[in-house]
2 protein chains.
Amino acid sequence: MRSNDRFKRAYNRCLDALAALPPGAALDSEAALARDLGVSRTIVRAVLAALAEAGVVSADGRARTLVRAPTAADRFSATETESVRATIEKRFMEMVLQHDVRPGAQVNNLELARQFAVSPSAMREYLTELSQTGLLDRRRDGGWVFRGFDLDFARELFDIRELFELRSAALFADLPGDDPAWAQLDDIERRHHALIADIDHAYKAFSQIDAELHELVNAASRNRFVDKFQSLRSLIFHYHYLWTKDDEKERNLVALREHLVYIAALKSRNRPRIRAAALAHLRSARRSLYASIAKGAPG
Amino acid sequence: MRSNDRFKRAYNRCLDALAALPPGAALDSEAALARDLGVSRTIVRAVLAALAEAGVVSADGRARTLVRAPTAADRFSATETESVRATIEKRFMEMVLQHDVRPGAQVNNLELARQFAVSPSAMREYLTELSQTGLLDRRRDGGWVFRGFDLDFARELFDIRELFELRSAALFADLPGDDPAWAQLDDIERRHHALIADIDHAYKAFSQIDAELHELVNAASRNRFVDKFQSLRSLIFHYHYLWTKDDEKERNLVALREHLVYIAALKSRNRPRIRAAALAHLRSARRSLYASIAKGAPG
DNA sequence: AGATCGTCTAAAAAAGACAAAAGACAGACG
DNA sequence: CGTCTGTCTTTTGTCTTTTTTAGACGATCT
């Protein structure tokens, strides 16, 4: 059956909203709540019924009032509100990037589904989607072959990334002065400075801002294939950053400084300078990825 | 239920093989047949049982002999041997490339499944896979939006194609002289000459040889992302050639001649010459695609 | 009269069911 | 003793069923 994680997330968000109200306050209409929570009225009704059941709100007739302030115990836990899709992605990326599977290994849909505690259909759908990314291949007679997160994959990924990023950066420099992208670039630059200033505490935010910068630059290509590739890159790097801990802070600091040089180059609109800055950053990122793969895979 | 199109294709291939034998001849062992037909022994056994049922072979004990020469009536028809996947792909590409759906239109999984006479799951799996190609987008709340085979798509496709092909061609020129790719290139060149000589009858074969040439060149990149893109390109062009009939012969002849210039340039290993030939061919292919889209979509 | 609510319908997601296909293993045959 | 065959188990591809969600429409309340 379909999981009701949507309902659970809406329920938690509703508790958050109720925490700001005093006991005895009247709740908004169903339609208004649906708008605020970004779900259908059907879900809102289910949430309200559950809140009444839990004794958080009272529902006499059509007037609903807050009975008591919601507590942490009322909330659904993080594992419950996670969509099946997100669960699978996390588990799978963990498996892949931590080198728990050897390149060339056969992947068994049924076994993975059991291992991740999801239905075979959900697993199958995810594998189908991921087979477009080059991490997996579908065998002609059924079954899946894992191609692996190895040096070859990293090389192929970076070769394309270089091709796309250099093209996008050149196009970015040609954007008219009043294009909103310039303001977004300024904002990203400001946040880079803030992050560097507070690097001891905030270095975890690197993955996010890295994705934002490269997505902004690549958007200048106005090309859906570049966009798709970019989101694959973000996905892989997001999880890669998450689990590769050696020299994490230093590594991120180096990348942030390279970003600043790159941003300055973009703002100068000087083609050779942009190209040089982009290449310098890509080369250092490539080296760092190669090194972490060579270390992670002792085979 | 899973369809037995595999069994039916193996059955037809087996009939083809038997047609070469005289009545009374003994058949190979199951394992040998499985190897020859490229299927499992389970299927071979089903095929042999069906052949005995049809009276084509006799099965007394473990010795099997051919009773009579197979006829056309024994064969399964083309529609029966087509896999569900292939059916969907054909119908969908027909719909897309013939402009039966407007860009931005909502695509309904259930309705498509009914229309194509396949199950919603099979349809859904195909749409999931195709959404990686940029022809479709998945909406956050379920449902699909068709992005369309329009001028934007053609432009984005060709921009990437140009990027990849130029890179691949340059790498191709660096292949060592004893690389098998050169022999394959010679073979493709020979078949180009044969095709041009017999263009009045053979112009239908263009789609196939076009895909072969570009796949060979792009293989020099040794990059799975280039390969994936290349197979998407082949898929789209295959069906596009199939249905765009205006000036078909002339169009193909022009492309074949451009191919020959391109092949000669590759053999010269002269970088600027290769680049010029590739660009010339890509530009003319781009123009021809743009023109056919502008004509096909009167909106 | 206008907003709000209860109920119904349709569509999509997930799970479950089942046939087809692949592969393993032991016994039979030469 | 090696090869071939019969049977069984596992896994995949596809279809069907169940549940969840979105949205529409008329009834109800203020």
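The shown structure was predicted, so the numbers you read here are calculated from the model rather than taken from an experiment. The sequence lines fix the lettering, A, B, ..., with proteins before strands; numbering per chain opens at 1.
Counting non-hydrogen atoms under 4.0 angstrom, A:Arg138 reaches nothing in the nucleic acid. Within 4.0 Å (heavy atoms only), B:Arg139 reaches no atom of the nucleic acid at all.
At a threshold of 4.0 Å, the pair A:Arg85-A:Glu125 does not count as salt-bridged, since none of the basic side-chain nitrogens sits closer than that to a carboxylate oxygen. Taking 4.0 Å as the cut-off between side-chain N and carboxylate O, A:Arg222 and A:Asp227 do not count as a salt-bridged pair.
Spacing between atom CG of B:Asp5 and atom P of D:dC15 amounts to 11 Å, rounded to whole angstrom units. Residue A:Leu110 contributes atom CG, which lies 19 Å from atom P of C:dA21 at whole-angstrom precision. Atoms CZ (B:Arg6) and P (D:dG13) sit 9 Å apart, rounded to a whole Å. Atoms CD (A:Glu125) and C1' (D:dT12) sit 17 Å apart, rounded to a whole Å. Spacing between atom CE of A:Met123 and atom P of C:dG16 amounts to 17 Å, rounded to whole angstrom units. Rounded to whole Å, the distance from CZ on B:Arg124 to C1' on D:dT16 is 15 Å. As a whole-Å value, the separation of B:Leu127 CG from C:dA11 C1' is 14 Å. Whole-Å rounding puts the B:Asn4 CG to C:dA22 P distance at 12 Å.
Between A:Leu48 and A:Leu33 there is a side-chain heavy-atom pair separated by less than 4.5 Å.
In this model, no donor atom of one side chain and acceptor atom of the other lie less than 3.5 Å apart for B:Arg91 and B:Gln115.
The 5' end of DNA chain D is approached more closely, in terms of each residue's nearest nucleotide, by B:Arg64 than by the other of A:Arg114 and B:Arg64. Mapping B:Asn109 and A:Ala122 onto DNA chain C by nearest heavy atom places B:Asn109 at the nucleotide closer to the 5' end. Both B:Asp28 and B:Arg85 sit near DNA chain D, but only B:Asp28 has its closest nucleotide nearer the 5' end.
Between the side chain of B:Asp150 and the backbone N or O of B:Phe153, at least one donor-acceptor pair lies under 3.5 Å. A distance-only check finds a donor-acceptor pair linking the side chain of A:Thr71 to the backbone of A:Ala73 [under 3.5 Å].
Side-chain proximity of B:Arg2 to C:dA12, C:dA21, D:dT20: nearest is C:dA21. Side chain of A:Phe7, nearest nucleotide from D:dT21, C:dA20, C:dA22: D:dT21.
Interface remark: the B:Ser121 side chain does form a donor-acceptor pair with the D:dT16 base, using a distance-only criterion of under 3.5 Å.
DNA chain C lies under 4.0 Å from at least one heavy atom of each of the following residues of residues 29-56 of chain A: A:Ser29, A:Glu30, A:Arg41, A:Arg45.
Taking the ring centre of A:Phe146 as origin, the terminal cationic atom of A:Arg138 falls outside the region bounded by 6.0 Å and 45° from the ring axis.
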